Colleague: 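Quick one: structure below, then a few questions.
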Amino acid sequence: MKYAYPFVAIVGQPQLKRALLLCAIDPSLGGVLIRGDKGTAKSTAARGLVDVLPPITRVPGCAYNCAPDAPLAECPHCGDGATPVAVTAPVPFINLPLGATEDRVLGSLDFEQALKHGRQAFKPGLLAAAHRGLLYIDEVNLLADHLVDVLLDVAAMGVNTVQREGLSVSHPARLTLLGTMNLEEGDLRPQLLDRFGMMVEVSAPRDAAVRAEVVRRRLAFEADPAGFVAGWRAETDALRDTIRAAQAGLRRVTLSDTLFDFVSQLCCEFEVASLRADIVMHKAARAMAALDGREVVSAEDVRDAAGLVLPHRRRRKPFEQAGLDHDKLESLTRQAAVPPPPPSDGQGGPPPDDDATPAPAADEPDDEHDGDGGSGVAPERQFAAAGADDVARIDLLARQAHEASGRRSSVVGARRGHYVRAVPDEAPDQLAVDATLRHALLRDPQAFGVTRADLHAKVRVGTQASLILLVVDASGSMAARRRMEAVKGAVLGLLRDAYQRRDQVAVIAFRGDEAELVLPPTRQVEQAEQALHELPTGGRTPLSHALRLAADTLARHGDTLTPLLVVLSDGRANVALDVHLDPWAEALGLAGRLAESGLPALVLDTEQGFVRLGRARELAQALQADYVPMDQLSAEVLALSIRERQGR
């Protein structure tokens, strides 16, 4: 029997454990994203949560985890009209592998039914198995885009709909997302990031005694898993009872109008665009009160909820670090915790002045002077009300920009991606089993058999990301720092564009006697930004070295990504690979060979001053590349030029 490490035995990590418990109390929170370094109990905590959850009632043998009082009509176990038998069972904990196929996740044709009985039937996938439970994704930031799209649809609707190849099935898929990730391996798509109700940053303990206790408990667990779990059973049962009581008491928890407004105030103060933050913060604050056995939410509950709900949503640009100003949060919390003065009733307070016009209260602005056009609605409430329209408008503009720019165009026939249809193919590269079986059934239902003529191939539509290789001249010929700063500003704009497009970025710098790959291809464009900021300048210009290293880098990585070469230089080469050759002539020869390979390229001319040699333009001609002079260089021009190159 395989034992999971007890949740209650985890040392430290109080915020992580609290966030997971909140999801146990209110599954509608949307789940938890656990972000941090390797070996910080991310997976251990997520897997251990299921053991402290109160069991659910379900129908035995049901692949959809139907509740006995709400069976699915299409369910063969529950939808036959008979009174289902209810049993208690552990909360489902389903692991979604990174390499899972779309059929495995969504569901597919039941081949056994097709082969034995000659009829179509649906075989539920992982989403059905995770209904009313936990869907766990380790290294969620590495999940393939087509599976991310599936999760976005299900998280938004709570329903999984499968319509393909003659099948049309919908079933509930209300689940709690648990994801772990390490930022060193890239960030998460913003759309999926917002779907996680809460996020927790975890790190290894710095205290030696705490670290020693972690190791001591882990070794004890590995030596005797059954005995270790039994030793923590009393604490596990007590926590399960606490969660059960909190689930029952959640409906009685109330949140005052003052704190209701405080939630939206925090979202405005910390510049959070997503209105989902307001909703999740309300729910998290109520769940915190229920976990502590209280029926009234406090300002401190809202503060603690903000620390879980807001950090990953207030990140507006790819290079801004997630997090909150805790001093500001504490100050706002203290203000919200002070109750408003009670209205004067003539007992113990000054009598009202009948001749005086009452001043508007702080939370009831004067209709004539509050600056809202006489609407009587406070400006901050107008902001919150307009937020949904603003978000929708921004999403529309983003989609239009996506379509207009041709970014990451769809590729028909991709090895991975959405399985959209099947076509007859007697030698398929990827066999479409469902379409093959259906064709055989329709051809001869009485004498079922599969022949080569029945074979079908899967047609997938995927997205093609790019590898943008920046070759940066850091030599003294660029008059170094002043011009490099101007170049960096434009390139950082490019990196933001690459972040949104999920492209990979690599950086080659050349100065002195050779070129160096200072940043291997990565999706983590923050590392590219750091590499540019830390780039030293000065020395000679080994342009030939840089072009050869660029060719080698693209040869290693260009088979799975669409390559694009971006050269930032004034072209004044003075170091050759072959000491017997002229450095400039050698560089032009290498550029010509790169052009023969059909490599898309762009040259940014960094030359300035009254005397200009124009070599960067010659380099662009040799590379058959677009050319952008220094005086026209900007983030917008650079991004547009690259989009045009990627669209060819």
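All values reported here derive from a predicted model rather than from experimental measurement.
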Colleague: Which heavy atom of V575 sits nearest a heavy atom of P583, and at what distance?
Modeller: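 Heavy-atom minimum between the residues: N-CB, 3.6 Å.
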Colleague: Looking only at heavy atoms, which two atoms of D582 and A585 are closest? And how far apart?
Modeller: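 Closest approach of D582 to A585, heavy atoms only: OD2-N, 2.9 Å.
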Colleague: Starting at CG of L33, measure out to CG of L192 and round the result to the nearest 0.5 Å.
Modeller: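 Result: 8.0 Å between the selected atoms.
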Colleague: For R47 and Y5, what are the C-alpha separation, side-chain angles and deciding distance, and is it a side chain to side chain contact (heavy atoms under 4.5 Å, CB included)?
Modeller: CA-CA 8 Å; R47 296 178 184 277; Y5 190 89; over 6 Å; no
Colleague: Between T40 and A204, which heavy-atom pair has the shortest distance, and what is it?
Modeller: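 Smallest interatomic distance, heavy atoms only, reads CG2-N, 3.4 Å.
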Colleague: Does a side-chain heavy-atom distance below 4.5 Å link P311 with F270?
Modeller: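 No, side chains not in contact.
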Colleague: I'd like to know if the side chain of R313 reaches the main chain of V309, judged simply by a donor and an acceptor atom lying under 3.5 Å from each other, with no hydrogens or angles considered.
Modeller: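 Between the backbone of V309 and the side chain of R313 there is a qualifying donor-acceptor contact (under 3.5 Å).
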Colleague: Distance check, rounded to the nearest 0.5 Å: S203 atom OG versus R35 atom CZ?
Modeller: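 One gets 12.5 Å once the value is rounded to the nearest 0.5 Å.
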Colleague: For residues 205-214, pull every pair meeting salt bridge (charged side-chain N to carboxylate O under 4.0 Å, His left out), keeping only residues two or more places apart or in separate chains.
Modeller: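 Non-adjacent pairs meeting salt bridge (charged side-chain N to carboxylate O under 4.0 Å, His left out): E213-R216, E213-R217.
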Colleague: Does the side chain of D138 pick up a donor-acceptor pair with the side chain of T180 at under 3.5 Å?
Modeller: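 Their side chains do contain a donor-acceptor pair, which is all the 3.5 Å distance test asks for.
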Colleague: Nearest 0.5 angstrom please: Q15 CD to L308 CG, how far?
Modeller: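 That separation rounds to 5.0 Å.
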Colleague: Return the minimal non-hydrogen interatomic distance between L547 and A591, and the atom names on each side.
Modeller: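 In terms of heavy atoms, the two residues are closest at CD1-N, 4.2 Å.
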Colleague: Rounded to the nearest 0.5 Å, how far apart are CD of Q430 and NE2 of H456?
Modeller: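 So the gap between those two atoms works out to 15.5 Å.
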Colleague: Determine whether T436 and V450 make a side-chain contact, defined as any pair of heavy atoms from C-beta on separated by less than 4.5 Å.
Modeller: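 Touching, per the 4.5 Å side-chain cut-off.
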Colleague: How long is the span from the CG atom in L147 to the CD1 atom in I137, to the nearest 0.5 Å?
Modeller: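 So the gap between those two atoms works out to 9.0 Å.
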Colleague: Yes or no on side chain to side chain contact (heavy atoms under 4.5 Å, CB included) for W584 and R572, after CA distance, side-chain angles and deciding distance?
Modeller: CA-CA 7 Å; W584 175 235; R572 299 188 180 189; over 6 Å; no
Colleague: Is L554 close to L469 at the side-chain level, that is, under 4.5 Å between some pair of heavy atoms?
Modeller: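 A side-chain contact under 4.5 Å exists here.
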Colleague: Find out whether V567 and L619 are in side-chain contact, i.e. whether some heavy atom of one side chain is under 4.5 Å from a heavy atom of the other.
Modeller: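 Yes. Closest side-chain heavy atoms under 4.5 Å.
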Colleague: When you compare the side chain of E516 with that of F510, does any pair of heavy atoms fall below 4.5 Å?
Modeller: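 No. Closest side-chain heavy atoms not under 4.5 Å.
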Colleague: Taking the basic N atoms (NZ, or NE/NH1/NH2) and the acidic carboxylate oxygens, is any pair closer than 4.0 Å for D605 and R617?
Modeller: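 Looking at D605 and R617, the cut-off is not met.
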Colleague: Is there a side-chain contact between I34 and M199 (heavy atoms, below 4.5 Å)?
Modeller: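 Sidechains of M199 and I34: no contact.
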Colleague: Examine distances only and state if a side-chain atom of H312 and a backbone atom of F196 form a donor-acceptor pair shorter than 3.5 Å.
Modeller: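 At least one qualifying donor-acceptor pair exists.
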Colleague: Would you find a donor on one side and an acceptor on the other, under 3.5 Å apart, between the side chain of E514 and the backbone of P542?
Modeller: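 Not at all, since once roles are kept as given, no pair shorter than 3.5 Å links the two residues.
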Colleague: Residues in side chain to side chain donor-acceptor pair (under 3.5 Å) with S597, at least two apart?
Modeller: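 For S597, no residue satisfies side chain to side chain donor-acceptor pair (under 3.5 Å) once neighbours in sequence are set aside.
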Colleague: Does any N or O in the side chain of N574 come within less than 3.5 Å of the main-chain N or O of R540, such that one atom is a donor and the other an acceptor?
Modeller: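 Pair absent, no side-chain N/O of N574 close to backbone of R540.
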Colleague: Let me see the working for D149 and L151 under side chain to side chain contact (heavy atoms under 4.5 Å, CB included), right down to the final yes or no.
Modeller: CA-CA 5 Å; D149 294 338; L151 289 181; over 6 Å; no
Colleague: So, the side chain of S569 versus the backbone of G571: is there a donor-acceptor pair under 3.5 Å, distance only?
Modeller: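 Answer holds: yes.
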Colleague: When rounded to the nearest 0.5 angstrom, what is the spacing between CG in L178 and CG in L96?
Modeller: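 Answer rounded to 0.5 Å: 12.0 Å.
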Colleague: Taking all atoms of both residues into account, what is the closest heavy-atom pair of L467 and P521, and its distance?
Modeller: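 That would be CD1-CB, 3.7 Å.
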Colleague: Which atom pair, heavy atoms only, marks the closest approach of L431 to K458?
Modeller: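 In terms of heavy atoms, the two residues are closest at O-CE, 3.5 Å.
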Colleague: Only counting residues at least two apart or in another chain, list the ones meeting salt bridge (charged side-chain N to carboxylate O under 4.0 Å, His left out) with R276.
Modeller: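 For R276, the residues satisfying salt bridge (charged side-chain N to carboxylate O under 4.0 Å, His left out) (neighbours in sequence not counted) are D194.
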Colleague: Is there a donor-acceptor contact under 3.5 Å from the side chain of R452 to the main chain of E426?
Modeller: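 Answer holds: yes.
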Colleague: Can you find a pair of side-chain heavy atoms, one from L565 and one from L602, that are under 4.5 Å apart?
Modeller: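 In short, these two side chains do not touch, never coming nearer than 4.5 Å.
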Colleague: Do V518 and I508 come close enough that some side-chain heavy atom pair is under 4.5 Å?
Modeller: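 No; the side chains remain at least 4.5 Å from each other.
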Colleague: Does the pair L106 and N160 meet the rule for a side chain to side chain contact (heavy atoms under 4.5 Å, CB included), with working shown?
Modeller: CA-CA 7 Å; L106 292 174; N160 177 38; 3.1 Å; yes
